[in-house]
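One structure is given below, encoded as structure tokens.
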Amino acid sequence: MPSVYLAGFDVFHPDALGRGDYLKQLCAEHGLRGLYPLDAQVPAGETQPAQWICQANLQALRSADAVLANLGCFRGAEPDSGTVFEVGFACALGKPVWAYFAEQQPLIEQVDHDEQGYCADGFLVEDFGLPRNLMLACSWVGASETAEQAVAQLADWLRG
């Protein structure tokens, strides 16, 4: 059974464990084993919990066959930076990444900008017709609007 690392900001939700259980159940329904970052618990007495969590997540990524990444907007117009790091790490390891997020229209349509294409902070908004930064959009093997669609499509993709 292929294993899938479940990357995303779901771990910050008030019902983070429930979200993880839901995603793992979706995976199981499609013949996949979901690996949720909160599956590993920081040992009692750990003096460097952040470092421990980082290493546990990196090990889970190494052991996974693929990554399912929630790249929805988080605390603003961009995906969670930790999730983006995990996507990059997975790509460096040669792992396939399937993304999901609701905002599928081109980035230029998602971010307010002036006539020259600059946002309110004075930065150019990418206009490649992609729904996320080109480094993400050109790295994943597929993208879906919802977790439900993404799990099903990733499972199909992994089966070839």
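Side-chain atoms are counted along with the backbone in the values below, which use heavy atoms only and exclude waters and symmetry mates.
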- prompt: Rounded to the nearest 0.5 Å, how far apart are CG of L23 and CD of E148?
  reply: 8.0 Å
- request: Indicate yes or no: at least one non-hydrogen side-chain atom of V141 is less than 4.5 angstrom from one of V97.
  value: no
task: Mind listing the closest non-hydrogen atom pair of S3 and A64 along with its distance?
output: OG-CA, 3.3 Å
task: Flag the pair V4 / V67 as yes when at least one side-chain heavy-atom distance between them is below 4.5 Å, and no otherwise.
output: no
query: Between K24 and D39, does at least one N-O distance fall below 4.0 Å, as a salt bridge requires?
result: yes
task: Supply the atom-to-atom distance N70 CG to R19 CZ, rounded to the nearest 0.5 angstrom.
output: 8.0 Å
message: Do F89 and R62 make a side-chain contact, defined as non-hydrogen atoms from C-beta onward lying under 4.5 Å apart?
response: yes
message: Using the rule that Ile, Leu, Val, Met, Phe, Trp and Tyr join whenever any side-chain heavy atoms are under 4.5 Å apart, tell me whether W98 and L6 fall into a single cluster.
response: yes
query: When clusters are formed by joining ILVMFWY residues with side-chain heavy atoms under 4.5 Å apart, either directly or through shared neighbours, do V42 and L38 land in the same one?
result: no
field: Smallest separation among heavy atoms of G8 and T83, with atom names
entry: CA-OG1, 3.2 Å
message: Is the shortest side-chain heavy-atom distance between D127 and L107 below 4.5 Å?
response: no
task: State, with a plain yes or no, whether a side-chain heavy atom of C73 is found less than 4.5 Å away from one of F101.
output: no
- request: Could you tell me which residues satisfy ring pair (Phe, Tyr, Trp, His ring centres under 6.0 Å) with F12, sequence neighbours excluded, listed by chain and number?
  value: F74
field: Close side-chain approach of Y118 and H113, heavy atoms under 4.5 Å
entry: no
- prompt: Hey, any chance F85 and I53 share a hydrophobic cluster, counting ILVMFWY side chains that come within less than 4.5 Å of each other, even indirectly?
  reply: no
query: What is the distance from atom CG of L130 to atom CE of M135, rounded to the nearest 0.5 Å?
result: 12.0 Å
query: Rounded to the nearest 0.5 Å, how far apart are OG of S144 and CD of Q149?
result: 5.5 Å
Test log, rule side chain to side chain contact (heavy atoms under 4.5 Å, CB included), inputs L136 and V84: CA-CA 8 Å; L136 287 171; V84 171; 4.1 Å; yes
- prompt: Within a reach of under 6.0 Å around CG of D114, are more than 12 heavy atoms found that belong to other residues, nucleotides or ligands?
  reply: yes
query: Does atom CD of Q48 have more than 12 heavy-atom neighbours from other groups under 6.0 Å away?
result: no
Exam field: side chain Y5 to backbone G34, donor-acceptor pair closer than 3.5 Å: no
- request: Tell me whether Y22 is reachable from L68 by hopping between hydrophobic residues (I, L, V, M, F, W, Y) whose side-chain heavy atoms are closer than 4.5 Å.
  value: yes
- prompt: Could you give all pairs that pass the side-chain hydrogen bond (donor to acceptor under 3.5 Å, both in side chains) test and reach residues 128-138, with sequence neighbours left out?
  reply: E103-R132, Q110-R132, E126-N133
message: Are the side chains of D65 and P96 in contact, using a 4.5 Å heavy-atom criterion?
response: no
query: Say you draw a straight line from OG of S63 to CG of L35; how long is it, rounded to the nearest 0.5 Å?
result: 5.5 Å
message: Looking only at side-chain N and O atoms, does Y100 offer a donor or acceptor that is under 3.5 Å from a partner on E145?
response: no
- request: Check A150 against A99 and note the closest heavy-atom contact, atom names and distance.
  value: CB-O, 4.4 Å
query: Are the side chains of K95 and L61 in touch, meaning some heavy atoms are under 4.5 Å apart?
result: no
field: Side-chain donor or acceptor of H13 paired with backbone N/O of D15 under 3.5 Å
entry: yes
Distance-minimising heavy-atom pair for A143 and Q153: O-OE1, 4.4 Å
message: Once rounded to the nearest 0.5 Å, what's the spacing between atom CG of D121 and atom CG of L124?
response: 13.0 Å
- prompt: Out of curiosity, does L17 fall in the hydrophobic cluster containing L26 (side-chain heavy atoms, cut-off under 4.5 Å, transitive links)?
  reply: yes
